[in-house]
4 protein chains.
Amino acid sequence: MVDKLARFGHIALETPDLDESVWFYRDLMGLREVERDGDTVYLRSARDREHHTLSLTAADEASVDHVAWRTQTPEDVAAYADKFETDGLDVRWLDDGEETGQGEAIRFEPPGTDQTYEIYYDVEKPGTEDGVPNPLLNRNYSLTETGRVNPLRLDHVALGVVPADETVDWFLDDMGFRMNEYIETDEGHKIGSWLSVTSQSHDVAVINPPKLSGPGLHHVAYYVDSLEDLYDAADILRENGIEVDGGPGRHGGTQAEFLYVKDPGSGHRLELYTGAYHVFDPDWEPIRWGEKDMMKALLWYGDPPGFDTTPF
Amino acid sequence: MVDKLARFGHIALETPDLDESVWFYRDLMGLREVERDGDTVYLRSARDREHHTLSLTAADEASVDHVAWRTQTPEDVAAYADKFETDGLDVRWLDDGEETGQGEAIRFEPPGTDQTYEIYYDVEKPGTEDGVPNPLLNRNYSLTETGRVNPLRLDHVALGVVPADETVDWFLDDMGFRMNEYIETDEGHKIGSWLSVTSQSHDVAVINPPKLSGPGLHHVAYYVDSLEDLYDAADILRENGIEVDGGPGRHGGTQAEFLYVKDPGSGHRLELYTGAYHVFDPDWEPIRWGEKDMMKALLWYGDPPGFDTTPF
Amino acid sequence: MVDKLARFGHIALETPDLDESVWFYRDLMGLREVERDGDTVYLRSARDREHHTLSLTAADEASVDHVAWRTQTPEDVAAYADKFETDGLDVRWLDDGEETGQGEAIRFEPPGTDQTYEIYYDVEKPGTEDGVPNPLLNRNYSLTETGRVNPLRLDHVALGVVPADETVDWFLDDMGFRMNEYIETDEGHKIGSWLSVTSQSHDVAVINPPKLSGPGLHHVAYYVDSLEDLYDAADILRENGIEVDGGPGRHGGTQAEFLYVKDPGSGHRLELYTGAYHVFDPDWEPIRWGEKDMMKALLWYGDPPGFDTTPF
Amino acid sequence: MVDKLARFGHIALETPDLDESVWFYRDLMGLREVERDGDTVYLRSARDREHHTLSLTAADEASVDHVAWRTQTPEDVAAYADKFETDGLDVRWLDDGEETGQGEAIRFEPPGTDQTYEIYYDVEKPGTEDGVPNPLLNRNYSLTETGRVNPLRLDHVALGVVPADETVDWFLDDMGFRMNEYIETDEGHKIGSWLSVTSQSHDVAVINPPKLSGPGLHHVAYYVDSLEDLYDAADILRENGIEVDGGPGRHGGTQAEFLYVKDPGSGHRLELYTGAYHVFDPDWEPIRWGEKDMMKALLWYGDPPGFDTTPF
């Protein structure tokens, strides 16, 4: 097998109202606008260490262009390309710079879904704010300079895939992910799976719960520092006239605290996320939630999340 | 006018399942059982400085026996008795010790409600835990000794009164309360009023919102130290198989964070409560929430509270 | 006796570097600049409900011009003037508007100190930000709009008085304050006293501990919402190259968490303060800390505060 | 190279007062006593998923018996043994069960230190509390059942090694650790290095700062959930008459909040630890702190840690 992936790297969203979406992610959420190229705006959060972790592109309707995963080494990109071609997937190469801030990369549709994924290694690294070192040498950006939500970093993505089993197997078998927790029906279908290549409780969730509106993007999540920050975020949203879409509350699966909100420009759902455990054990045994415990996994307490998705 | 009252002092609840209610308030919530007298159990929380702030009495059905208010001076009890008799209320005197831990007191029904209120001054003060001074001399009880919810102190009571206007006026005019915030319908009815005699944003709420099931007790509230403690409380409840009844969330009125839970023995609702502002200004102008803003006052964000009451 | 006071209202500081002090209190601490009148700048924090709670005046050296206390009623100002003149104090009247934003007031030196205090009632009330109501009707200013420290409100003042006993008695006997906690030497001198007219654990501290550099201002304190906010404040200070002067830590007396920092323009010490208990009991018994427990009262844990003062 | 290690697994401490040390780690800190075998007591914390993460053995004086690292696979143990023997190290094999709860393992002294390290893979996994599943299926132990400190899990170990350079190189070159941050003198000596094999900002710190008393154990760290929990821990310690040894405060390096306390039975230092960042990037560039920034790396703000060690 090729080396397992390094991490979830970024997501490319399409929005019918670019100005509104930029206002939401940049002015309200506090992500930094890194660069603008034609109809695409690139952003990252305070502690993200790549050129961008989110891009927004003007389009006729809200959709997801691609989800991108980073490899452990530059050589792994070609190794994945070879492997996927052998597996019969259609692999397209991107030239260096074809995606702004990024080197050569591949795009493809994994089995069981017509969603587009990207694999890359080379990417520009952010310098410090205006080139001036932060007094804390391990910070690029100040965590304190803005009254916006100012999440720390990209955390994970949750994809709606219907049915989900084949895609889950592909993540586990072909991409080196570890299964941390899953919801399984009495018939043996995995309708919620929390998977990771890092120590996180999940880098990707693949979900297909009964109430789900269909395949697509359920949410992309950014990490905030504390429960206080999650509540401050809700306060900032409400002062700005934005409805909370779910939470504050706590998932049983992952044990994380959450707040959901939708970009008013596109309807894409954002999760602000804190807590959660890490897995450092090489022999982690996946947690199985059966049908009777399933609701606890989704919601331990608090205001429940919605189950609609945007197209992907 | 007689001196304004000093504070909300305690509430006497009746429960059809005394053992279950004692388990809930003592073993799960962490209130201390102070004394047991026949079918009545007296409790207080860590920082409460009176003999009890809650009593539980076995009864055929869940109800409220009385709500008690403390005066500024011993003489004020008789002064209130005189005043109420002049006003045509029926005043009954309690002997010293008739309520355990408490001196002479009066009971009566305020105008506009058939609920029973008590006014008292003399009350036993708690000593330290087992008579041993805490290393922090300004603590009676340890705040750290128990993994239960362990709220700090009694905070306020919320009464359902239908209609509410006359009772609200009585609190303001006859009892020396200050109006801090209120919800007013277009017809001029106060359907939610937050009133205090202390600096708190409310010592009593008098509520009659459209969804309310009727008069009675909506909840009694104890104060916890932080948002973390509120979340830990929800976690403790859920691990013990108790459903959360509302929250975590934040009220717009008072700006407090809340969690509601019902005693499984009686159905009486308890609020765990933190944040909220204090009023130190002698010329505070009450905040008015009209019909269009009413829902914000009740719920700024989070899982909404229920609107049923237990009899009073 | 005249009515007890309503509250600690504001402090007027003098600074040798007005620009630096304004940068500190406004741009770093996040107090709003309300008005500027000649060499004086008036500020208040987000939840303060008077024209100003702090003023800064250019002067040759750092000092305190006056500390101001607000009465319960307009009539109380003259009543205090009469009383003080009867007591032999020298009382000076200020005209309406002589202090910006404020009506008629009196100034005087309390016995046992040559510090100047002010008593006032009439004061302008802040409107909302730019005249636009906050979506939360009980807010004047957004709590979320700035990445500065943004404390909620003025809390208390700590005065160094040497010796302290006479001044403490004057607060208790003549001004209606309640003694909440005190440190007493074996010889019976009160070298630290925490006094209040509100429910707070103190509106004023009068201190004369062994290490104290002399009489004057030890600190003025603003309240922040949580421990997280206290830590964020320390982070903001350090990113801006400001040394912390003491804390984070926790006092035993009052049980409050604290952070001290000095205005680099004047050297006046500011305390950021959270937690602390409230006293709602009409018969509170003051907590006495003897010499052996004294250090616990000053510091329960954390980085200790300094003991120097600025002139007053 | 053999696979990189999986994680820091446990530490074996010796103490001259076993009863006092057990009281400290079990009754005050809230670690669970898992098993007792002769003069050795085995403990773990709520979220630890191995038989033990700490052992305490009665001995004439406080010392460290060994520090143990877990491999990715069972086969890696022998692979490391081969490698170390090739490198000229003296490798001793432990039989299955020779260390309670653990399979075959090796012990050896790494170059540049006479400290004993252990490498193992096979280890018993904890079941749930008394065999009863927690309502949250991803929990072994309740996080809410005890008023003790109750940290979540083992985090890292800090070793004093004098000089440190050779040992740091060995961790990097032979053991697969990543350098995340380091303090380097003008002469090019690494006097503080934060290294990890997981995403943590460090699994081991190797320190040799100017003030350090000598080689040995500086501290072992357990992770707590939040800043509130760190403060509650300090409160619990102080109520139990234990002095805080450093903190609360925040390191610049790692950006973590900390509290240090010494086991009164042995003098071994324990760190309670929260916050800190994770590294998910495959191409992380180590942060270098030079002499002028060194103090910021050690202490961003708060009460400073001590620099003494216990023998190892």
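So that the names make sense, note that chain A is the first sequence line, chain B the second, and so on, each numbered from 1. Computed from a predicted structure; not experimentally measured.
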Please look at B/T73 and chain C and tell me whether the side chain, the backbone, both or neither of the residue comes under 4.5 angstrom of a heavy atom of that chain. neither
Can you tell me which portion of B/S201 sits under 4.5 Å from chain C's heavy atoms? Options are side chain, backbone, both or neither. neither
Taking side chain as C-beta onward, heavy atoms only, is C/Y277 less than 4.5 Å from B/L152? no
Looking only at heavy atoms, what is the nearest atom pair of C/P282 and B/Q72, with distance? CB-O, 3.5 Å
Where on C/T254 is there a heavy atom nearer than 4.5 Å to chain B: the side chain, the backbone, both, or neither? backbone
What residue, out of C/K125, C/E50, C/E228, has the most heavy-atom pairs lying under 4.5 Å from chain B? C/K125
Is there side-chain contact between C/V279 and B/R49, with heavy atoms separated by less than 4.5 Å? no
Where on B/D283 is there a heavy atom nearer than 4.5 Å to chain C: the side chain, the backbone, both, or neither? both
Option that, when pairs with chain B are counted at under 4.5 Å, heavy atom only, ranks first among C/H278, C/K296, C/E285: C/H278
For B/R288, which atoms come within 4.5 Å of any heavy atom of chain C: side chain, backbone, both, or neither? backbone
Could you measure the distance from the CG atom of C/L227 to the CG atom of B/L227? Nearest 0.5 Å is fine. 12.0 Å
C/F280 pairs by side-chain contact (heavy atoms from CB on, under 4.5 Å) with which of B/T198, B/V197, B/L154? B/T198
